[in-house]
Amino acid sequence: MANITIAPAITAGSRPRQFSLPAWLVLICIVTFTVLLSAGAVIYKNAPPIPATVVSPQQEIILTQENIQKGQETYLARGGQHIGSIWGHGSYLAPDWTADVLHRWGLATAGILYNGDADFTQADLEALSAVDRATLQTRVQQEFKPNRYDADSGTLMLTKAQTQGLAKVFEEYQTLLSQGSAVHSIPRGWFTDRTQIRDVTAFFTWTAWAAAANRPQAPFSYTANWPHDDLIGNQAPAQFLIWSIVSVIVLIAAIALFLFVYLTQEDAEEIQAVTARPAIRLATPSQKVTTLFFGVAMALFFVQILMGMVTAHYAVEGDGFYGVPIQQYLPYAASRTWHLQLAVFWIATCWLAAGLYFGPRFGKHEPKFQAWGNGGLLAALTVVVVGSLVGAWAGVQGYLGDKSFWFGHQGYEYVELGRLWQLLLIGGMVFWLWLMFRALKPALQAEGSKTGLNHFFMYSAITIPLFYASGLMYTNHTPLSVAEYWRWWVVHLWVEGFFEVFATVAIAYLCSELGFLKRSSALRATYLTTILYLGSGVIGTLHHLYFAGTPVFIAAMGAVASALEVVPLTLIGFEVVKSIRLSQEAQGFYRLPLKFFMATCFWNLVGAGVFGFLINPPIVLYYSQGINTTPIHAHSALYGVYGSLAVALMLFALREITPDRAWDEKNLNFSFWWINTGLVVMMVCGLIPNGFYQLVQSVNHGTWYARSAEVISSPWMQWTVWLRIPGDIIFTVGAMMLVYCVVRAIFAIFQQPTQAQPTEL
């Protein structure tokens, strides 16, 4: 679930007398990160073992550890989580390979047990009488549930029936992975080397074994019995229901407590009214260059939308785009990779550019050669973006071989870019941090307190490269459970956590500068908001890891912490009212930036809060992991929260230095309503009915069936994809208008004279 965004208008009662807010924040961070790191150590220790050898009862070697690890590396290099998913993490059009292999293996094993023939289908199983079917399923479960791994020798022994059944799976996968599948948008010739196909299938098989065999001294598998499959005996552990109930109780109690505290507070410092229209400021040289970042971000935004259209269309036409056979040139894995990468790139570009713009503004200082530094950073980031996109495409196409991890595709969602580009991006963010420090240095020196707003702004900037660097803690052969743990540090903590801390400080600082808030109130608001969402959000990272081969206590911790993440979102509901007041009092000058900020608040409550909590309780996520309920949350949170916030920051900056003649209020307002209306239509007509239909199939028949061709190509699923087109079109028209208005503003800014140093409004 996404973390909360900002509420700069928070007002609070009297200060804590014994323990300051900065001290509370430090204490919260120490406690929560201690818990998260300790959980990581336990995850590492208890990750599913990778056997040295997998053998038959006759001691014939079926698979080796080398096969499994080579398969993982090969799968990741060719797009990995963008063609199907593993343990529910990845894309949703191709099968979940864990669920698919496990069910195929179970059926083939059932056939061997029933009549000695591995050609046994789901239809054959359902044709049996209730008694015969129950008996056969019990026999299959006795084959799969006992853990026959010997830790001393590193040997996993399969039963005779399992061995024969697995041979059938390998035979079927030789065809599937080489011939492809139009329904699942798996390209023909995805793999052509039989050794590679065998290794990749070996990796899938290991994930399936870990999903079925009981963890030592536990009545459920390494993945807590995920995926749901009655044939194998995978049912949700009872404690998942218990912890889901506890999470709801905690949520209700926490909201009640929060409401009590909030409503009984004294509003000691009210929002200040703004009655005068600020004068247009001239941009400094570095601020002018910074507007080019916004232009690049809008170009990336537009291309991202196009890639989203192509990716969505693959769900109804698996090998082309309205009859054009583009799959061989732009396969699904590549278009989806670009769609997600570009979303992260354009949003992060806006946030980084906002930091570069606000640095001189807050520091009241334009350092020497700052404009050249900003220009150099823009050029470097452009190289990284283009290089990573081209490399990802080349990796998916198989052109980079075993070099894909470094120059092409890492294979993990949201951290797709090759390791070289990742390192260069971290270097770029460190350079960005230095540029920020140069501009803020006078303000930092003048500020008496090390915990003041200037210092907090700088501290929050430091966390940006620091937490993105956590993506370096794994490689393409790191055990999957450990790699997922660190990947979610990037996705959850970097994007949903510390980038939001940075945005919180920036908006609170800006509101105090503009006179919307007293500076002391803005500082306290920043600390309180940060304490609220880091206090729950850091440990809440674990809710992504329920089924990633982690001990089941992870589900308990993740469930409770994730429930608490919703509590700060309740705060947003109260603060939206104040934000509306604020926008009215601002005499319209900042009306459009504030509108996008209010959209952030709305989508934070709906997309991050409601739709996020929808998939957070363990018992719900057990059935919804790896199906299209997650994109409901992802789309409404990724654009709704982070995209709207990026646009708000961009428009705050542009509004101050754009001449009135080029500030197109009417068309920006048009853009606002069309973008948000389009997102609503996309959700209501497409994503929500699509995801909930698949959820019903998962509950009734199992994860494997919810991801099967029968469901993916069903009339309901096809129609819900078509029905989202009006929403996509409305969203795109609004986005194109936004791009036009931003480009027009940038051209006008560059036609204006430049001022040497920032000036007060």
Side-chain angles (χ1 to χ4, degrees), residues 69-83 90 196 293 296-297 299-300 303-304 307 330-331 333-349 351-352 373 375-435 463-480 482-491 493-495 499:
Q69 290 179 331
K70 280 283 188 184
Q72 175 178 327
E73 294 170 16
T74 303
Y75 169 69
L76 293 175
R78 295 299 300 275
Q81 291 181 339
H82 290 281
I83 293 193
Q196 284 189 336
F293 282 76
V296 170
L300 298 178
V303 177
Q304 188 232 342
M307 289 301 101
L330 186 64
S335 70
R336 189 175 189 270
T337 294
W338 284 3
H339 181 57
L340 288 187
Q341 268 195 312
L342 286 167
V344 174
F345 283 151
W346 82 260
I347 291 171
T349 298
W351 289 358
L352 294 175
L377 178 60
L378 179 60
L381 290 178
T382 301
V383 170
V384 170
V385 169
V386 174
S388 66
L389 293 176
V390 173
W393 174 83
V396 168
Q397 295 287 59
Y399 297 147
L400 298 179
D402 59 3
K403 302 294 190 299
S404 183
F405 175 78
W406 277 97
F407 304 103
H409 205 302
Q410 289 193 37
Y412 289 104
E413 275 188 305
Y414 297 102
V415 198
E416 296 91 349
L417 69 174
R419 181 54 55 88
L420 172 65
W421 310 113
Q422 189 179 20
L423 289 168
L424 291 175
L425 184 56
I426 292 171
M429 286 188 284
V430 171
F431 183 55
W432 166 81
L433 184 63
W434 180 70
L435 292 173
T463 64
I464 304 304
L466 179 65
F467 279 88
Y468 185 74
S470 59
L472 302 176
M473 299 299 292
Y474 61 87
T475 67
N476 56 343
H477 55 265
T478 299
L480 205 56
V482 178
E484 284 292 343
Y485 169 78
W486 287 111
R487 179 172 77 92
W488 285 108
W489 272 59
V490 178
V491 181
L493 285 180
W494 181 62
V495 176
F499 242 131

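Shown here are the salt bridge (Lys or Arg N to Asp or Glu O under 4.0 Å) partners of Arg487, two or more places apart in sequence or in another chain: Glu484. Checked against salt bridge (Lys or Arg N to Asp or Glu O under 4.0 Å), Glu413 has the following partners two or more places apart in sequence or in another chain: Arg336.
A distance of 9.0 Å separates CD in Gln72 from NE2 in His477, rounded to the nearest 0.5 Å. One finds the CG atom of Leu472 at 13.0 Å from the CH2 atom of Trp489 (value rounded to the nearest 0.5 Å). Taken from OH in Tyr399 to CZ in Arg78, the straight-line distance is 9.0 Å, to the nearest 0.5 Å. Here Leu378 contributes atom CG and Leu352 contributes atom CG; the two are 11.0 Å apart, rounded to the nearest 0.5 Å. Here the CG-CD distance, from Asp402 to Glu73, works out to 8.5 Å after rounding to the nearest 0.5 Å. In this structure, CD in Gln81 is found 11.0 Å from CD in Gln410, a value given to the nearest 0.5 Å.
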Trace of the side-chain contact (heavy atoms from CB on, under 4.5 Å) decision for Ile464 with Trp432: CA-CA 10 Å; Ile464 304 304; Trp432 166 81; 3.9 Å; yes

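The closest donor-acceptor contact from the side chain of Tyr75 to the backbone of Ile83 lies under 3.5 Å. Between the Ser388 side chain and the Val385 main chain, a donor and an acceptor come within less than 3.5 Å of each other. Side chain of Glu416 to main chain of Tyr414: a donor-acceptor pair is present (N/O by atom type, distance under 3.5 Å, no hydrogens or angles). Side-chain atoms of Ser470 come within 3.5 Å of backbone atoms of Phe467 as a donor-acceptor pair (strictly under, hydrogens ignored). Side chain of Thr349 to main chain of Phe293: no donor-acceptor pair is present (N/O by atom type, distance under 3.5 Å, no hydrogens or angles). Put simply, the side chain of Trp421 gets close to the backbone of Phe407: a donor and an acceptor are under 3.5 Å apart.
Classification of the Phe431-Trp434 ring pair by plane angle, with boundaries at 30° and 60°, yields parallel. Aromatic ring pairs are classed by plane angle as parallel below 30°, tilted from 30° to 60° and perpendicular above 60°; the pair Tyr468 and Trp494 is tilted.
Contact detail for Gly401 and Ala77: the closest heavy-atom pair is O-CB, 4.2 Å. Between Leu400 and Gly391 the shortest heavy-atom distance is CD1-O, 3.7 Å. Taking each heavy atom of Tyr412 and Ala483 in turn, the nearest pair found is OH-CB, 3.4 Å.
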